[in-house]
Amino acid sequence: MKSFYVTTPIYYANSLPHFGHLYTTVVADCLKRHYGQRGFETCFLTGTDEHGLNIQRTAARLGRTPQEHVDYVVVEGKKFFAAFWLDEAHGGYDIWMRTSEAFHYEGAQEFWRRVAAQPTPKGRESIFKGFYEGWFCAPCGTYKTQDELSKPAGESDPPRCLIHELPVDRVSEESYFFRLSDYDEALLRLYEERPELVVPDARRNEVKSFVRGGLQDISISRLKSSVAWGIPVPGDPDHTIYIWFDALLNYITALGFGSERRRREVGAKVFEKFWPGVHLIGKDILRQHAVLWPAMLLAAGVEQPRAVVAHGMWLDPQGRKVSKTLGNMIDIELVRRHTSADVVRYVLLREKAFWQDGRLGYEIIFDRANSDLASGLGNLVSRTLTMIRRYFDGVVPSPDIPEGRRLAAKRAGVDSDALALSSSLELARDQFVQGVEGYEFNHALEALWAMIARVDKFISDVKPWELAKSEEQRETLGAVLYRSAETIRWLAVLLHPFMPESSLAIARQLGLADELEGSDPSQLKWGGLKQGTRIGEVAPLFPRIDKVKVMAEIEKELAEKEKGEQAGKSRNEQQAAPSGAHATQAAVPGAPTATDVKSAPPVQGATEAQAPPVTNTQAAQTQASAAQPEGVASFITIEDFAKVEMRVGEVLTAERVPKSDKLLRFTVDLGEAEPRQILAGIAEYYEPEKLVGRKVVVVSNLKPRKLRGFESQGMVLAASVGDEGRPVLATFTEDVPNGARLK
RNA sequence: UGCGGGAUAGCUCAGGCGGAAAGAGCAGCGGUCUCAUAAACCGAAGGUCGCGGGUUCAAAUCCCGCUCUCGCAACCA
């Protein structure tokens, strides 16, 4: 039997899942059900990534153990998904994977051993010990990511910890590395040989050009003293396996890779049956899945995935990224309560081209639901069944028009057979199946909706209510209604993976047994609906949404929620908010992450594991600012200040740095023997020519640093204004000699 | 700055190996109908196919240049 294994990323259990995660999961669910209908043996995995510093810290902040915290997130997450028919009970995922499970520890360790036992394609050891270097905050006792650090005040100043407002140290610790750099050629060969490994093409090209640019070895462990919440490195329990080298493995450990325990649990052959699977991911975690993961599998000698499929992201109605700070995230659970799970599922799959980014907002959802579902599908079902009820007493009439009535039928514009309809239905069916196979769900659905329009038109053209007035057209009328009802049956079968509940409701209204799971959509044949079938009770499938009214209600509810959260915040009880730059972000770019509060781009890519995980910066900030006077960093002494040497300088020359859109290169006279070369990232806001001759303030004792190949021997001071941090140069209104020190 | 996309009706997008009067859905306008969830059906309206050149009998479609925009990278001390 053919098998189909589909996975979503496992979501980072730091925070509760949201609408972005829902999207990927709905897609996976839809695929699983579709292939299931077609007779594939299916397995659908989703779950949670439960290790790491983030979770360790969030749990600590909430006064829980990490295990308690992830248990909580899992329970809530399952509830959230269940409301959209994604759980086992509703025929959704088969496995909710959790990386904190014992079998995963075994599998991950086994994988590590296999990698360590094999040399790289270039003949070196795949895992080696080195030193991980990062910013370390002593009071916190941990490494910090860019997101957890304030922008450094001056050149070669260390950044500061956002919690303690203190400079952090550049520290290194022993760490294991995976020699990713040795896999570049093997990977490039793989992309050539198996182009379907990374789809769509645009993403594969992106990946290829990234790999061609050379790969860096990545740190795959942390000292247990830094990150305790994780899987011990085999044979070296002082180290913990780090992030991706743990998380990615879930896709195979869930099936029993490397763990006897798990194989007993799920069946010994499950891995062999399902393994090369399809990974659905958001384009934001493409690197990890299209570079690191294949390299890891090469290293361990495990078969590559069938495909890594990267979808686009949801944006707000204005096309902006969705983020908590902008407050433009949709509360999808709220939408569901005002509509239904199926409506949400349909809109998610219909509204956006899978590969591309798409926009979503409350009104977009309601408009789509009203036009496609209420006016389209729902109305067609309603008018058809109502007529069967009214004219045929609720019994499906015969599809046949007897010889003697064919002329009459012809006069009414009805062919004696349904060939025209049935053949275009077959075409639509094939387009639909092709669309689903190609992840073009919007096209798949469009093909079906073209059929709805066609039948609507057919009904309008032949006017069954007129036919009903003439006994001579009795059979014609029956045939017309049969054709409409049979089309609806097809729709119910085809749409079942998209709208499990509504499609069943349609089937029941048609008087069919609930046999949709077993009906192979690709094998649909005209005439499956039996004459004489007694139809069920007819009720609106998709009640029209009063947009104005519902919007008003939603706004009210959101406002109330906001209030609740404010209250929660002060008690420091709010659910863990921002997620890390991790698998969590699968579907919504920088969703609730502190990352997009400002500047610092999310650390991404195969090198991500080199940076410690992101944590709850917002909460951290809240705490920190509570302890400090508003707007004031922690105090420094006069001695601290004396360390900074600031001098007046005059810009002698200024020019753009080639191949850089932000950097200007200055030579500045500081009253010294030689003018200094200083770089500044203000090219977007200042014309270099206009700066020549200008007096500026320069931090003159910063450690020199190279930027774009030029050494910067100081830093020009500027105010940072507005959200985008527009620089405004500091200057003097009176004349000042070059080199004068600011005290 | 490098690489790769994109720029087509009010909105979201199709088309695009050169050859139809340039399409669809939604919104909007006019009409028909009453089986239906104020639904459906019909009709009209709506576009310099980013800008400028070129190739050709013929260009939204091919070539060159430009502008804007998005993604990835680099970069922002």
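Convention: sequence-line order gives letters A, B, ...; per-chain numbering from 1.
Nucleotide rU34(B) holds its P atom 15 Å from the CD1 atom of Ile459(A), rounded to whole Å. For the pair Trp465(A) CH2 and rC41(B) C1', the computed distance is 8 Å after rounding to whole Å. Between Asp357(A) atom CG and rG5(B) atom C1' there is a gap of 12 Å when expressed in whole angstrom units.
For the pair Ser382(A) and Asn205(A), both in contact range of RNA chain B, the more 5′-proximal nearest nucleotide belongs to Asn205(A). Both Phe458(A) and Arg383(A) lie near RNA chain B, and the one whose nearest nucleotide falls closer to the 5' end is Arg383(A).
With no hydrogens or angles considered, no side-chain donor-acceptor pair links Arg345(A) and Ser340(A) at under 3.5 Å. In the model, Ser470(A) has no side-chain atom that pairs as donor or acceptor with a side-chain atom of Gln473(A) under 3.5 Å.
In this structure, Ala468(A) reaches neither bases nor backbone, as no heavy-atom distance under 4.0 Å exists between it and the strands shown. Backbone-only contact: Thr386(A) has heavy atoms under 4.0 Å from sugar-phosphate atoms and none from a base. Among the protein residues, Ala374(A) comes within range of the nucleic acid bases, having at least one heavy atom under 4.0 Å from a base atom. Heavy atoms of Phe542(A) sit under 4.0 angstrom from at least one base atom.
Using atom C1' as the reference point in both rG65(B) and rC29(B), the two lie 43 Å apart (nearest Å). Nucleotides rG50(B) and rU8(B), compared at atom C1', are 10 Å apart to the nearest Å. If you take atom C1' in rU56(B) and the same atom in rC64(B), they sit 16 Å apart, rounded to whole Å. Nucleotides rU67(B) and rG53(B) have their C1' atoms positioned 15 Å apart, rounded to a whole Å. A gap of 13 Å separates the P atoms of rA22(B) and rG46(B), to the nearest Å. Going from the C1' atom of rC33(B) to that of rA38(B) covers 14 Å, rounded to whole Å. Rounded to the nearest Å, the gap between the P atom of rC70(B) and that of rU12(B) is 14 Å. Between rG30(B) and rG71(B), the distance separating the two P atoms is 41 Å to the nearest Å.
Applying the Watson-Crick and G-U wobble criteria (two distances, each under 3.5 Å), rC57(B) pairs with rG19(B).
By the 4.5 Å heavy-atom criterion applied to side chains, Lys321(A) and Asp316(A) are not counted as neighbours.
Taken to the nearest 0.5 Å, the CZ atom of Arg483(A) stands 14.5 Å off from the CD1 atom of Ile488(A). Between the CZ atom of Arg203(A) and the CD1 atom of Ile281(A) there is a distance of 9.5 Å, given to the nearest 0.5 Å.
OP1 or OP2 of rA14(B) sits under 4.0 Å from a side-chain N or O of Gln356(A).
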